[in-house]
Amino acid sequence: MLNNDELFNEVLIQPAQKGANQLFVVSGYASAAMTFHHFKILEELNYFVKISLIVGMTIQDGLSLSNH
């Protein structure tokens, strides 16, 4: 089983290392802050990837309006 760092690397970093230049995220509870964190790590590694984030949950489900 992968730990969080290994999973982050395998799913979110390795595709950029293999030439991917776009990432589409569809998630119920992802946040803009999480996406920004990922984007900054890619930028530090000199990978420039367009990230599109679709957040599905609503304020009633505990996700703030600012994350939409």
Side-chain angles (χ1 to χ4, degrees):
M1 177 177 251
L2 299 175
N3 67 36
N4 286 346
D5 290 335
E6 293 168 331
L7 184 61
F8 182 87
N9 185 56
E10 185 173 315
V11 175
L12 298 175
I13 302 300
Q14 285 182 12
Q17 292 172 327
K18 294 177 181 177
N21 62 3
Q22 289 188 343
L23 172 65
F24 295 90
V25 180
V26 179
S27 176
Y29 291 100
S31 69
M34 178 275 310
T35 305
F36 181 77
H37 171 72
H38 178 215
F39 181 77
K40 294 306 286 180
I41 289 173
L42 288 170
E43 187 176 59
E44 289 170 7
L45 295 170
N46 290 317
Y47 296 112
F48 300 95
V49 175
K50 177 182 175 184
I51 301 174
S52 299
L53 172 63
I54 299 173
V55 180
M57 294 303 183
T58 65
I59 295 171
Q60 292 83 7
D61 295 316
L63 194 63
S64 69
L65 181 61
S66 63
N67 277 310
H68 282 278

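What you see below is based on every heavy atom in this structure, not just the backbone, and it leaves out hydrogens, waters and symmetry mates. Not measured: the values here are computed from a predicted model.
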List, one per line, each side-chain donor-acceptor pair under 3.5 Å for residues 3-13, sequence neighbours excluded.
unit_1: Asn3; atom_1: OD1; unit_2: Asp5; atom_2: N; d: 3.0
unit_1: Asn3; atom_1: OD1; unit_2: Glu6; atom_2: N; d: 2.8
unit_1: Glu6; atom_1: OE1; unit_2: Asn3; atom_2: N; d: 2.9

May I have all residue pairs that pass salt bridge (Lys or Arg N to Asp or Glu O under 4.0 Å) and include part of residues 11-39, sequence neighbours excluded? none
Which donor-acceptor pairs under 3.5 Å do the side chains of residues 40-56 make with protein atoms, sequence neighbours left out?
unit_1: Lys40; atom_1: NZ; unit_2: Glu43; atom_2: OE1; d: 2.7

Would you check, one step at a time, whether the test side-chain contact (heavy atoms from CB on, under 4.5 Å) holds for His38 with Leu23? CA-CA 11 Å; His38 178 215; Leu23 172 65; 3.2 Å; yes
